[in-house]
Amino acid sequence: MPRAPVYLDYNATAPIRPEAQEAMLRALKVPSNPSSVHAAGRAARDIVETARTQVAALVGVPAGSVTFVSGGTEANALAIESARACGFTRIVVGATEHDAVMETAKASGLPVEAWPVDARGVAQLSWLEAELNGPGRALVCLMLANNETGVIQPVAEASVLVRAADGWLHVDAVQAAGKIAIDFSALGADTMALSAHKLGGPQGVGALVAGTRATLHRRQHGGGQERGRRAGTENVAGIAAFGAAAEAAVRDLAKLSEQTQWRDALAERVKAEGAVVLGEGADRLPQTLCFAGEGFGSEIQVMNLDLAGVMASAGSACSSGKVKASRVVEAMGHSNLAPFALRVSGGWASTEDDWIKCGDAWIAAWKRIGARRREVA
Ligand code: PLP
């Protein structure tokens, strides 16, 4: 019998939820543009506005705070560009931020300071406090949860410091949304990036949430869609699916939190083999595990797991299909482990058996590699 593949790469893209597929198909059957005033246009508008309410509920904000965009990357860029247009003169970026934030900040033309993290991957608040004493109003970018390690950052604590310094706090919640409960106001964020495909919606749709202190400045010119904040006809079907996925993700939060046990069981198994768990001891997403077995290259691990029917990722992003040493693990001060990091991430359809099979496959490959090394030595 062919083996059922095991998919544990939700932090790259979660499989689309059935609710999202259904919402998408329903929306595709509405033959209209949400800006049209006739009945079909109004039906399309209703779909977009229902989804806005669903996405707003994901982070506890009024629907009007949500601007739909093409994904997490654009949401981050819209926040950074808006802060620049509002006169913020420098950017502080968490050292383990995603490239969507890090590279956009660098490309903004403003001075960028990397905010160091400790060995667990947690941003250091004392460093931020001192940094905010410097001249100029700062945009501070701090992700809610890291895409590689799942480490959750002290966003609410940082927001107190940012507010006191009259700064702007942008939170990339692309990985956290739908995996842990999020309260935008309690976190004290000014803007927050979300992406549909990390929580069971389709790729190519996301949102920027903006609080009352933040003014958004459009990046592209054209029509007045999204109340003038984002020109271009809305991706109605994608937005509908995003809304449905967000609603389902909120419903499933408690169930997802149970994956902590499966994740920790895998962690114990690989640690018994000599691997190191990255981010251990910090608050982490319930379904993300990042570990490194020294000498067992990330790419080789991914290939060995794939041959065994298990899909996971190298610790680092491999958007170009090429695996680099993990910048996140390096920023945590574990440069020796960076080329060996593996990320395992489950989600709404994962089972305990998936995590067990992943452990079986990894341990078998680790033992093979070890045996080969002993033969050579
Ligand atoms: N931010 C984080 C933390 C991510 O993990 C990703 C995607 O991997 C993004 C932003 C980019 O999101 P998108 O793929 O929707 O552009």
Side-chain angles (χ1 to χ4, degrees), residues 4-30 34 44 46-59 66 68-75 98 100 145 147 150 172-180 182 193-209 233-259 262 285-288 306 309-313 317-319 321 343-351 353-355 357-358:
V6 170
Y7 186 81
L8 286 173
D9 202 11
Y10 278 67
N11 288 10
T13 284
I16 192 156
R17 292 174 182 265
E19 297 89 340
Q21 287 185 41
E22 282 157 24
M24 194 160 198
L25 283 175
R26 271 198 308 276
L28 284 171
K29 289 180 188 155
V30 175
D46 275 354
I47 291 173
V48 170
E49 297 313 319
T50 299
R52 201 185 305 282
T53 306
Q54 291 166 316
V55 171
L58 179 69
V59 296
V66 173
F68 286 117
V69 295
S70 68
T73 301
E74 188 186 338
H98 191 272
N147 43 302
D172 178 345
V174 163
Q175 289 294 346
K179 296 172 186 157
I180 52 172
I182 299 179
L194 304 172
S195 175
H197 75 108
K198 308 291 186 181
L199 51 79
Q203 292 149 339
V205 57
L208 184 67
V209 177
T233 302
E234 297 88 340
N235 171 5
V236 178
I239 288 171
F242 184 13
E247 194 171 85
V250 171
R251 180 198 65 207
D252 289 351
L253 276 178
K255 207 167 130 219
L256 193 71
S257 72
E258 291 168 8
Q259 291 203 22
W262 308 340
L285 294 176
Q287 48 53 267
T288 303
D306 196 28
V310 177
M311 289 169 265
S313 265
C318 52
S319 49
R343 174 185 74 189
V344 179
S345 53
W348 64 268
S350 304
T351 63
D353 200 44
D354 291 340
W355 288 83
K357 282 190 177 133
C358 176

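On a predicted model such as this, the values are computed, not experimentally measured, just so you know.
- In this structure, CG on L256 lies 8.5 Å from CG on L285, to the nearest 0.5 angstrom.
- Taking E22 as the reference, nothing meets the side-chain hydrogen bond (donor to acceptor under 3.5 Å, both in side chains) condition, with sequence neighbours excluded.
- Within the 3.5 Å criterion, the main-chain N or O of N11 finds a donor-acceptor partner in the side chain of S345.
- Q54 is linked by a side-chain hydrogen bond (donor to acceptor under 3.5 Å, both in side chains) to E247, counting only residues two or more places apart in sequence or in another chain.
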Test log, rule side chain to side chain contact (heavy atoms under 4.5 Å, CB included), inputs L194 and V209: CA-CA 8 Å; L194 304 172; V209 177; 3.8 Å; yes
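- D46 pairs by the side chain to side chain contact (heavy atoms under 4.5 Å, CB included) definition with nothing, not counting sequence neighbours.
- Residues that satisfy the salt bridge (Lys or Arg N to Asp or Glu O under 4.0 Å) test with E258, not counting sequence neighbours, are absent from this structure.
- The side chain to side chain contact (heavy atoms under 4.5 Å, CB included) test applied to T351 returns D353, D354, not counting sequence neighbours.
- At least one donor-acceptor pair closer than 3.5 Å links the side chain of Q287 to the backbone N or O of G346.
- Across Y10 and P15, no two heavy atoms sit closer than the pair CE2-CD, 3.2 Å.
- Separation of atoms CG (N235) and CZ (F242) is listed at 11.0 Å; rounding is to 0.5 Å.
- Taking every heavy atom of both residues into account, A237 and A27 meet most closely at CA-CB, 3.7 Å.
- Residues forming a side chain to side chain contact (heavy atoms under 4.5 Å, CB included) with A244 (at least two apart in sequence, or on another chain): E19, A23.
- Atom CZ of R52 and atom CD1 of I239 lie 7.0 Å apart (nearest 0.5 Å).
- With a 4.5 Å cut-off on side-chain heavy atoms, V174 and H98 do not count as touching.
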For a side chain to side chain contact (heavy atoms under 4.5 Å, CB included) check, start with the C-alpha distance between D306 and M311, then their side-chain angles and the critical distance, and finish with the verdict. CA-CA 5 Å; D306 196 28; M311 289 169 265; 4.0 Å; yes
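- Atom CZ of R17 is separated from atom CG of D252 by 4.5 Å, given to the nearest 0.5 angstrom.
- Taking both residues in full, the closest heavy atoms of A207 and V66 are given as CB-CG1, 3.9 Å, listed atom of the first, atom of the second, then distance.
- For T73, the side chain to side chain contact (heavy atoms under 4.5 Å, CB included) partners two or more places apart in sequence, or in a different chain, are A100.
- Among all heavy-atom pairs drawn from W348 and G200, the shortest one is NE1-CA, 4.3 Å.
- Considering only residues two or more places apart in sequence or on other chains, W262 meets the side-chain hydrogen bond (donor to acceptor under 3.5 Å, both in side chains) condition with none of them.
- The main-chain N or O of T13 is never found under 3.5 Å from a side-chain atom of K198 such that the two would form a donor-acceptor pair.
- The side-chain hydrogen bond (donor to acceptor under 3.5 Å, both in side chains) check on D9 picks up S313, R343, with sequence neighbours excluded.
- I47 contributes atom CD1, which lies 12.0 Å from atom CE of M24 (distance to the nearest 0.5 angstrom).
- In this structure, CG on L199 lies 10.5 Å from CD1 on I16, to the nearest 0.5 angstrom.
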